[in-house]
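In what follows, a single structure is set out as structure tokens and then discussed.
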There are 2 protein chains.
Amino acid sequence: MRLSTKGRYGLKAMVDLAIHSQDKQIALRHIAERQDISEHYLEQLIAVLRKSGLVKSVRGAQGGYSLALPPDEITVGDILRALEGSLAPVACVDDEFAENCAEWDYCVTKFVWQKIRDKVNEVVDSITLQDLAEEHEKLNCDKEYMYYI
Amino acid sequence: MRLSTKGRYGLKAMVDLAIHSQDKQIALRHIAERQDISEHYLEQLIAVLRKSGLVKSVRGAQGGYSLALPPDEITVGDILRALEGSLAPVACVDDEFAENCAEWDYCVTKFVWQKIRDKVNEVVDSITLQDLAEEHEKLNCDKEYMYYI
DNA sequence: TGGAAAACCGAGTAATAAACTAGGAATTAA
DNA sequence: TTAATTCCTAGTTTATTACTCGGTTTTCCA
């Protein structure tokens with residue numbers, strides 16, 4: 001039950017933005033370099049985040065990306081769900097695309113999947129980019145360049 | 001972050017066993033038919049469960065499978081981890097195969113992954129086959145044949 | 001005692017998804 | 001005008017999933 005690189009890279013990129021972009025925008029190239037992610041691939045991920053209203057962009061030379069909202073208003077859940085889709089462990093308990101399963105009424109494994117889904121959402125919705133940026137500050141306060149996320 | 005069919009089919013098969021096998025063993029063919037799973041595929045999954053000590057088998061004609069332990073001593077976590085491996089959302093917080101990540105000390109996203117891992121394990125370790133068999137009883141008490149899991 | 005019913009085993013394969021790569025068009029600051 | 005950047009679509013490679021296939025071995029039972 002692993003997250004794909006979309007979720008992992010996407011969250012790293014967003015924490016990077018939370019740390020490095022206050023007011024100003026950051027070129028994707030810099031994020032990709034700092035986080036060691038293929039620039040072209042990250043481009044596709046950040047396009048999704050932009051369409052989800054989590055980042056905004058400035059085009060042209062000296063352009064770049066920044067958070068579309070204050071970091072304490074963006075949760076890890078917003079980011080992961082934008083990139084990974086629902087965090088439900090099986091499709092039948094997916095909030096959006098709940099497949100109409102013929103056995104639903106008599107199925108007991110659904111109770112397990114629902115609990116997993118709810119707990120995962122509880123965790124990711126309770127952590128904001130602000131929280132992670134603060135943790136980062138604690139861990140890396142002695143470093144001139146704060147590369148690692 | 002979906003579970004594969006291994007975990008889903010495996011749990012269904014184990015609940016089926018919890019319900020249908022008391023003392024006696026059940027042929028894989030019956031489980032596969034009831035749960036609508038390819039028999040050959042399920043064979044591979046149950047082999048893993050057997051090697052993990054969760055089911056036992058009787059070979060030869062009239063042979064079959066049964067739980068290796070009382071249903072209240074087998075948790076959903078035992079089953080899912082046997083079939084899916086660690087339930088950690090990313091490899092770096094995998095209890096067993098924790099990759100030695102160079103950035104570990106400065107990484108903040110690990111806090112998210114650890115919390116998800118812990119909550120998921122908490123859920124699956126708190127539910128036993130006994131619990132699910134009882135839920136099944138409630139849902140299907142009026143049915144002569146209790147197919148659906 | 002022979003046949004059928006079962007578990008056991010290892011290899012192969014088709015389909016799907018993940019993780020990128022490639023190549024350019026549009027936009028804009030300097 | 002040029003260089004730096006975002007934006008867009010499509011293609012490609014790799015890995016994983018979800019099986020299938022073809023047996024061998026074991027054991028009950030008529």
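FYI, side chains are in, hydrogens and waters are out, and symmetry mates aren't considered; it's all heavy atoms of this structure. Residue numbers start from 1 in every chain, and the chains themselves are labelled A, B, ... in the order their sequence lines are given, proteins ahead of strands.
- Of the inter-residue distances, the one linking B:R34 atom CZ with B:R29 atom CZ reads 10.5 Å to the nearest 0.5 angstrom.
- Rounded to 10°, the helix from C:dT1-D:dA30 to C:dA30-D:dT1 has 10° between the axis fitted to its first five pairs and the one fitted to its last five.
- Taking A:E43 as the reference, A:L28, A:H40 meet the side chain to side chain contact (heavy atoms under 4.5 Å, CB included) condition, with sequence neighbours excluded.
- Distance check: A:L42 CG to A:Y65 OH gives 8.5 Å after rounding to the nearest 0.5 Å.
- In this structure, the separation between CD1 on A:I46 and CD1 on A:I31 is 4.5 Å, given to the nearest 0.5 Å.
- Atoms NE2 and CD, on A:H30 and A:E39 in that order, are 9.5 Å from each other to the nearest 0.5 Å.
- Within 4.0 Å of A:L28, counting heavy atoms only, lie sugar-phosphate atoms of the nucleic acid but no base atom.
- For B:K6, the side chain to side chain contact (heavy atoms under 4.5 Å, CB included) partners two or more places apart in sequence, or in a different chain, are B:S4, B:Y41, B:L45, B:L83, B:E84.
- Between A:D94 and B:R2, at least one side-chain nitrogen of the basic residue sits less than 4.0 Å from a carboxylate oxygen of the acidic one, meeting the salt-bridge criterion.
- Atom CD in A:E33 sits roughly 10 Å away from atom P in D:dT5 (whole-Å rounding).
- Residues passing the side chain to side chain contact (heavy atoms under 4.5 Å, CB included) test with A:D125 are A:T75, A:R81, A:N121, sequence neighbours excluded.
- Chain B approaches DNA chain C within less than 4.0 angstrom (heavy atoms of the protein), and the contacting nucleotides run 5' to 3' from C:dA5 to C:dA11.
- If you find the closest nucleotide of DNA chain D to A:G63 and to A:R50, the one lying nearer the 5' end belongs to A:G63.
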Output one letter per nucleotide in nucleotides 18-30 of chain D: B when a protein non-hydrogen atom lies under 4.0 Å from the base, S when only the sugar-phosphate is that close, - when neither is. BBBBB--BBBBS-
Under the side chain to side chain contact (heavy atoms under 4.5 Å, CB included) rule, what do B:R8 and A:T109 come out as? Steps first, then yes or no, please. CA-CA 8 Å; B:R8 285 196 285 129; A:T109 57; over 6 Å; no
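- To the nearest 0.5 Å, atoms CD1 (B:I74) and CG (B:L17) are separated by 9.0 Å.
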